[in-house]
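What you are looking at is a predicted structure, and each value in this text was computed from that prediction instead of being measured. Numbering of residues begins at 1 and proceeds along the displayed sequence. Below, all heavy atoms of this structure are taken into account, side chains as well, without hydrogens, waters or symmetry copies.
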Amino acid sequence: MYISHKYKLIFLRSPKTASSSLSEFFIKNIPDPDAIYTPVEDSNIKGTLSQDIINRYKTHFKFYHFTLQDIIDNNIITKEQALSYRSICVIRDPADRQKSFYYFYKKWKQPGSQASIEQYNDWTSNGPFIGEPNSGILQSSFLKIDNKIVGEYWLYQNFHNDLSQLMRELDLSVTHMLPQHKTDFRKNRDNEIKFNEFATDNLNKFFGSDVKLYNELLEETYV
């Protein structure tokens, strides 16, 4: 999460969408000493969000992935500010995002084991990865207030262009390039697991709203 009252900008960190890299980019490139943001663990950047709020959401580090409704409910910003500021979140192809989660968790949970769709299905039998509630946060929930989307989603595959456009609109120069965090977990994508019918059905069952939103944005962008 990154909030600049000076520039009336809100960025929300959806897991596995380059959110750490983008958060660091905003912290280092937007000149706002009063900005509110969560820590960037990959770069040892300490956050400015109230420690009291962090302590309430320490379990599974939910505070990294607050939705727009979360930051309103925790009085980080007002509803009026949320409605008037520019709110941004990145959305990724849900299937590709699930694979990203899988290879990330696999490196820590069972390093050296053979990747397989059977292992993936076992770890995601109820939708999210077992024991990893952040993997179950719907991407489609991040920019909702009172259950209605009010911000703008950037497609994961296009976010570099959207980021450049944003910086131009803010009339800000890029002094720190976008870092590349967590890019070494999927080195050989040609040999990755392939979703079978069970995995696809399970994805659509739990993440159906994400699939729908992603496909709508994809169609709007490329049609």
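- A salt bridge links Lys79 with Asp146; the closest basic N to acidic carboxylate O contact falls under 4.0 Å.
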- [ ] List the steps and the verdict of side chain to side chain contact (heavy atoms under 4.5 Å, CB included) for Met177 and Val174.
- [x] CA-CA 7 Å; Met177 299 304 294; Val174 175; 4.1 Å; yes

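- The aromatic rings of Phe104 and Trp108 sit perpendicular, their planes meeting at an angle over 60°, well past the 30° parallel limit.
- Here the straight-line distance linking atom CG of Leu172 with atom CD1 of Ile30 works out to 6.5 Å at 0.5 Å rounding.
- Using a distance-only test at 3.5 Å, with no hydrogens or angles considered, no donor-acceptor pair links the side chain of Thr38 to the main chain of Tyr2.
- Panel note: side chain Asn134, backbone His60; a donor-acceptor pair is recorded below 3.5 Å.
- Scanning all heavy atoms of the two residues, the minimum distance from Gly151 to Leu143 falls at C-CD1, 3.7 Å.
- In this structure, Lys106 contributes its side chain and Ser113 its backbone to a donor-acceptor pair below 3.5 Å.
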Open item on the list: Is there a side chain to side chain donor-acceptor pair (under 3.5 Å) between Gln114 and Gln119? Walk through the geometry before answering.
Closed with: CA-CA 9 Å; Gln114 182 68 35; Gln119 186 180 60; over 6 Å; no

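- Of all heavy-atom pairs between Met167 and Phe25, the closest is SD-CE2, 3.8 Å.
- Here the closest heavy-atom approach between residue His65 and residue Ser19 is recorded as CE1-OG, 4.3 Å.
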Open item on the list: Does Asn202 form a side chain to side chain contact (heavy atoms under 4.5 Å, CB included) with Phe207? I'd like the steps, not just the answer.
Closed with: CA-CA 8 Å; Asn202 209 28; Phe207 297 102; over 6 Å; no

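- Thr200 places a side-chain N or O within donor-acceptor distance of the main-chain N or O of Asn196, the cut-off being under 3.5 Å.
- Side chains of Arg56 and Asn74 form a contact here, defined as non-hydrogen atoms less than 4.5 Å apart.
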TODO: Check the pair Asp70, Lys62 against side chain to side chain contact (heavy atoms under 4.5 Å, CB included), reporting the backbone distance first and the verdict last.
DONE: CA-CA 10 Å; Asp70 288 331; Lys62 160 68 176 171; 2.9 Å; yes

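- Within 6.0 Å of atom CG in Asn126, 12 or fewer heavy atoms from other residues, nucleotides or ligands are found, so the atom counts as exposed in its surroundings.
- Using a 4.0 Å cut-off between charged nitrogen and carboxylate oxygen, Arg92 and Asp210 do not count as a salt-bridge pair.
- Residues Val90 and Tyr153 form no side-chain contact, since every pair of their non-hydrogen atoms from C-beta on lies 4.5 Å or further apart.
- Annotation for Lys8: atom NZ does not count as buried by contact number, only 12 or fewer foreign heavy atoms lying within 6.0 Å.
- Judged by distance alone, the side chain of Asp93 and the main-chain N or O of Ala95 form a donor-acceptor pair under 3.5 Å.
- Taking CZ of Arg97 as the reference point, atom OH of Tyr156 lies at 11.0 Å (rounded to 0.5 Å).
- Two residues are said to be in side-chain contact when any heavy atoms from C-beta on lie closer than 4.5 Å; Lys148 and Lys144 fail this criterion.
- Atom OG of Ser140 sits about 10.0 Å away from atom CD of Glu216, to the nearest 0.5 Å.
- A pairwise comparison of heavy atoms in Pro179 and Ser21 identifies O-OG, 3.0 Å as the closest pair.
- Atom OH in Tyr214 sits 8.5 Å away from atom CD1 in Ile91 (nearest 0.5 Å).
- A donor-acceptor contact shorter than 3.5 Å is absent between the side chain of Lys205 and the backbone of Gly127.
- Using a 4.5 Å heavy-atom threshold, the side chains of Ile72 and Thr78 count as separate.
- A ring-centre distance under 6.0 Å is found for Tyr120 and Phe129.
- From Leu217, atom CG reaches atom CG of Leu213 across 4.5 Å, with rounding to the nearest 0.5 Å.
- In terms of the ring-ring contact (aromatic ring centres under 6.0 Å, His included) criterion, Phe198 has no residue partners (sequence neighbours excluded).
- The aromatic rings of His5 and Tyr85 lie perpendicular to each other, with more than 60° between the two planes, well past the 30° mark.
- Linking ILVMFWY residues whenever their side-chain heavy atoms come closer than 4.5 Å, directly or via other members, places Ile27 and Leu9 in the same cluster.
- The main-chain N or O of Ile10 is never found under 3.5 Å from a side-chain atom of Ser87 such that the two would form a donor-acceptor pair.
- Aromatic ring centres of Tyr102 and Trp123: separated by under 6.0 Å.
- By the criterion of side-chain heavy atoms lying less than 4.5 angstrom apart, applied directly or through intervening Ile, Leu, Val, Met, Phe, Trp or Tyr residues, Ile45 is grouped together with Leu178 in one hydrophobic cluster.
- Side-chain atoms of Glu132 and Tyr105, non-hydrogen and from C-beta on, do get closer than 4.5 Å to each other.
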Task: side chain to side chain donor-acceptor pair (under 3.5 Å) between Glu219 and Asn215, intermediate numbers included - done: CA-CA 6 Å; Glu219 185 175 356; Asn215 286 336; over 6 Å; no

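- Of all the heavy atoms in Ser14 and Gln139, the pair that sits closest is OG-CG, 3.6 Å.
- Atom CD of Glu169 is surrounded by more than 12 heavy atoms from other residues, nucleotides or ligands within 6.0 Å.
- In terms of heavy atoms, Leu22 sits closest to Thr17 at CD1-O, 4.2 Å.
- One finds the OG1 atom of Thr124 at 6.5 Å from the CD atom of Gln98 (value rounded to the nearest 0.5 Å).
- Proximity of a side-chain donor or acceptor of Ser141 to a complementary backbone N or O of Leu138 within less than 3.5 Å is detected.
- Under the 4.5 Å side-chain heavy-atom criterion for grouping Ile, Leu, Val, Met, Phe, Trp and Tyr, Leu170 is connected to Phe159 within one hydrophobic cluster.
- A salt bridge links Arg13 with Glu41: at least one charged nitrogen is closer than 4.0 Å to a carboxylate oxygen.
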Task: Check against side chain to side chain donor-acceptor pair (under 3.5 Å), Ser164 and Asn161 - done: CA-CA 5 Å; Ser164 296; Asn161 293 334; 5.7 Å; no

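- Placement of Phe101 and Phe206 within a single hydrophobic cluster is found when ILVMFWY residues are connected by side-chain heavy-atom separations under 4.5 Å, directly or transitively.
- In this structure the side chain of Leu83 never reaches within 4.5 angstrom of the side chain of Glu80, judged on heavy atoms.
- Taking a 6.0 Å sphere around CD of Gln51, one finds it holds more than 12 heavy atoms contributed by other residues, nucleotides or ligands.
- Ile137 is not connected to Ile88 by any chain of hydrophobic side-chain contacts under 4.5 Å among Ile, Leu, Val, Met, Phe, Trp and Tyr, and they are in different clusters.
- Counting heavy-atom neighbours within 6.0 Å of Tyr7 OH, excluding the residue itself, gives a total above 12.
- Between Pro39 and Phe63 the shortest side-chain heavy-atom distance falls below 4.5 Å.
- Between Tyr64 and Tyr57, the gap from one ring centroid to the other reaches at least 6.0 Å.
- Side chain of Asp162 to backbone of Trp154: no donor-acceptor contact under 3.5 angstrom is found.
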Task: side chain to side chain contact (heavy atoms under 4.5 Å, CB included) evaluation trace for Ile76 with Phe66 - done: CA-CA 11 Å; Ile76 300 170; Phe66 275 164; 3.9 Å; yes

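- Under the 3.5 Å distance criterion, the side-chain polar atoms of Asp122 are left unmatched by any main-chain donor or acceptor of Glu118.
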